[in-house]
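Working notes, beginning with the structure itself.
Whatever order the structure lists ligands and atoms in, that order sets their numbers, starting from 1.
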Amino acid sequence: MENRGADTAIFDVKGLLIQKVTLGSKGAEKETDFTIGPMDKDSIIGQALLVNVDAKTTKVNIYYQTTEASAALDWLDTSLTSSKTKPFLYTQGQAILTRTWIPLQDAPSNRITYSADLKVPKDLLALMSAKNPKKLQKNGLYHFEMTKPIPSYLIALAVGDIGFHDFGNNCGVYAEKELLFDCVKEFEDLPQMMQVAEELYGTYQWERYDVLVLPYSFPFGGMENPMLTFANPTLLTGDKSLVSVLAHELAHSWSGNLVTNQTWSDLWLNEGTTVYFEQRIMEALRGKEIADVLAQVEFNELEQTLNDMRSSNSYQDSKLHLDLSNRDPDIAMSDIAYVKGAFFFRTLENTVGRKRLDAFLKSYFGNFAFQTVSSDQFIDYLNAQLLDKTDLQFNYKDWIFKPGLPSNCSKVDAPRLSTINQYAAEFNKGKNPFEPTYKYEWIRKNGKRKRVKRTLTLSYQDHLIQEWQIFIRSLSTETEPARLQLLERQLHFGQSNNSEILCDWFVLASYSDYIFQIEKEVKQFLLKIGRRKYVLPIYEALARTPRGRILAQGIFHEAKGNYHSVTRASVWKVLQAKK
Ligand code: BES
Ligand code: ZN
């Protein structure tokens, strides 16, 4: 470290066992005293590790061991992997969990380089968010280098029976060998995404872009660890319907990893910019019609979140810039940072025009590359580089510092959704829009004209997954179990292999006793999947009724060992809350 004459070096630690601390280089180390600061009960931030140093000390060596309380780490038993024969380990650092496996100054404003030497069982491959050896090392020894300064939450590690496929163009995918084939099919558009992203906002700065597909316990859809995005296996739908998550993680290579929020109060600068960028990649890849359907799903979620916040007295937290003092930064991860943040940029685009916004964003990523920014710095740059120059007005203060959605917020125009909205409206009126319809046609057979009857049945494949999501979410929560059964017979939502659909379906089912008819499927889902975005809403929905709550508690008791601590802690809170 740089030392400007300090006598104490302070590190963040949580759940670590510090054994000894020394100063100086290997071979010439000298042991030094250290103390561990107090830990408040239920402390979120952990403790300070205070190390006595000399005014000239630049090297501090901390000997330590992780513990059961090292919340970043997920040690998976063989039964929770695809191979069923080899164990797996991975870390999740964001927002403030890196301190639970590495003692360091764990704030996003602190950019560091790192290198690591690892020894792992000889039959397992080790990977980090750094330059990787890529191949199994027969001696089990691995060396990693991240030579660009990154914020501490992006240090990541995974160890398992992992294979690799190279897509070319500096892109590839790692996964447990059993999943690798599916990953290659699902993610084959990666090189194209990379090209689109670079055309939009400038050269990719991290040499390679590889994705690692983790086991099912991974708590997020994706995590943008530099050079090695972590991805959830629920993205493997077989139809590329959820690749926008990869577009999102790739976009973070600019928004987040290159230009990083200075504190978690400005998570919107990471996530809002990224969702906007993600939408632009999807538009280039799939066309505007489809991209707007995806954007509409997100906008609907934002409106729902704003309603929920209003009724739970947390509307103050619908500002883009949050006050997080003495609060868990995890709460910043909501549709506000993501979707309100993205609509900030969509609205700005409408105000200044796409060409100007794109030029602005490109110069923003270039100007702040490998640095951190606060909302205030962003605003200064926005004024200097975009608004003052063009004499255009934009109400950024309302957007960033006031709750709710400013009235100038851009609307999504997704005409494609009218059919699905109509189905929902009809179904809610007690009709069945999925009843087969018939059509008569004349055909010629053996020289004779013949009238034939054709049956037209609507099938699940006729619409995008996101359209079905909008459909399910538009259904009345008072829909009778018999009517849900009818839908299930026709569209098989409960049998879907898409977890977005399953999650929405189980949540809707929880509003009636229908949930107890499909208890087995719900349980199977919750035992297997650990992605918090899917698991949490189902537990929340179940916990609304006494009988559902008992079911939820029973399932959680069995499933909690399968979850990463991030998911486990969130579900725990929901099931603890007094009703
Ligand atoms: N960086 C986030 C995940 C995150 C945010 C973890 C804050 C911890 C604290 C990641 O890029 C992300 O946003 N994942 C989303 C993907 C989605 C919005 C496409 C997820 O996991 O659902
Ligand atoms: Zn993100």
Side-chain angles (χ1 to χ4, degrees), residues 44 71-72 74 90-98 100 106-108 129 150-156 193 209 211-214 216-226 228-235 237 241-261 263-282 291 294-295 297-299 301-302 305 322 324 327-342 465-466 469 499-500 503 529-537 564-567 569-570:
I44 303 148
D74 195 0
Y90 68 87
T91 63
Q92 167 59 40
Q94 199 180 7
I96 54 170
L97 298 180
T98 301
T100 72
D106 192 17
S129 53
I150 58 164
S152 53
Y153 71 90
L154 293 176
I155 303 178
M193 275 190 193
Y209 183 75
V211 176
L212 166 64
V213 175
L214 289 152
Y216 283 94
S217 68
F218 186 55
F220 297 110
M223 177 64 218
E224 66 272 25
N225 300 314
L228 188 70
T229 277
F230 282 12
N232 198 288
T234 55
L235 304 189
T237 57
S241 56
L242 304 181
V243 290
S244 61
V245 176
L246 277 201
H248 178 99
E249 304 314 332
L250 174 63
H252 271 306
S253 308
W254 288 258
S255 44
N257 297 4
L258 201 55
V259 180
T260 309
N261 51 211
T263 71
W264 296 121
S265 291
D266 285 324
L267 182 70
W268 80 277
L269 287 174
N270 273 18
E271 297 298 344
T273 319
T274 298
V275 173
Y276 176 76
F277 193 166
E278 163 202 337
Q279 293 174 349
R280 293 292 301 277
I281 295 174
M282 291 314 288
L294 310 189
V297 172
E298 292 171 334
F299 188 78
E301 288 170 352
L302 172 61
T305 297
L322 290 175
L324 291 179
R327 299 167 84 191
D328 189 336
D330 205 37
I331 61 156
M333 197 199 184
S334 82
D335 290 321
I336 302 306
Y338 283 75
V339 188
K340 183 181 171 184
I465 291 299
Q466 288 77 10
Q469 281 191 275
S499 28
E500 294 283 345
C503 173
I529 311 276
R531 184 173 173 188
R532 182 169 67 176
K533 180 185 167 206
Y534 299 139
V535 164
L536 197 60
H564 183 277
S565 71
V566 162
T567 298
S570 299

Find all atoms of ligand 1 within a distance of less than 4.0 Å from any non-hydrogen atom belonging to Glu224, and give their numbers and elements.
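The atoms of ligand 1 under 4.0 Å from a heavy atom of Glu224 are 1 (N), 2 (C), 10 (C), 11 (O).
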Restricting to N/O/S, name the atom of [X] that gets closest to the Zn ion (ligand 2).
| X | result |
| --- | --- |
| Glu271 | OE1 |
| His248 | NE2 |
| His252 | NE2 |

Between Lys533 and Glu500, is the closest basic N to carboxylate O distance under 4.0 Å?
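Salt bridge between Glu500 and Lys533, a charged N being under 4.0 Å from a carboxylate O: yes.
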Indicate whether any N or O donor in one side chain lies under 3.5 Å from an N or O acceptor in the other, for [X] and [Y].
| X | Y | value |
| --- | --- | --- |
| Asn225 | Ser129 | no |
| Thr274 | His248 | no |
| Glu298 | Gln279 | yes |

Using a 3.5 Å cut-off on N or O atoms only, is Lys533 in polar contact with ligand 1?
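Checking ligand 1 against Lys533, no N or O pair falls under 3.5 Å apart.
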Below the 3.5 angstrom mark, is there an N/O of Arg531, backbone or side chain, next to an N/O of ligand 1?
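N/O-N/O distance below 3.5 Å exists for this pair.
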How far is atom 20 (C) of ligand 1 from its nearest protein heavy atom, and which residue and atom is that?
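Minimum-distance protein heavy atom for atom 20 (C) of ligand 1 reads Gly221 N, 3.4 Å.
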How far is atom 10 (C) of ligand 1 from the closest protein heavy atom, and which atom is that?
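The answer is Gly222 O, 3.2 Å.
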Please compare Phe220, Tyr338, Phe230, Trp264 and report which has the shortest non-hydrogen distance to atom 12 (C) of ligand 1.
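Shortest heavy-atom distance from atom 12 (C) of ligand 1: Tyr338.
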Using heavy-atom distances only, which candidate in Glu249, Glu278, Met223 approaches atom 15 (C) of ligand 1 most closely?
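It is Glu249 that holds the nearest heavy atom.
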Flag this pair as yes if the NZ/CZ of Arg280 is under 6.0 angstrom from the six-membered ring centre of Phe277 and inside a 45 degree cone about the axis; otherwise no.
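Not flagged: Arg280 not positioned over aromatic ring of Phe277.
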Beyond-backbone contact of Tyr338 with Tyr276, side-chain heavy atoms, under 4.5 angstrom
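When only atoms from C-beta onward are counted, Tyr276 and Tyr338 do not touch, as no gap falls below 4.5 Å.
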Any side-chain heavy atom of His564 within less than 4.5 Å of one from Arg532?
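The answer is no; the side chains never approach within 4.5 Å.
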How does Met333 reach ligand 1, by side chain, by backbone, by both or by neither, if only non-hydrogen atoms under 4.0 Å count?
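For Met333, the contact with ligand 1 is made by the side chain alone.
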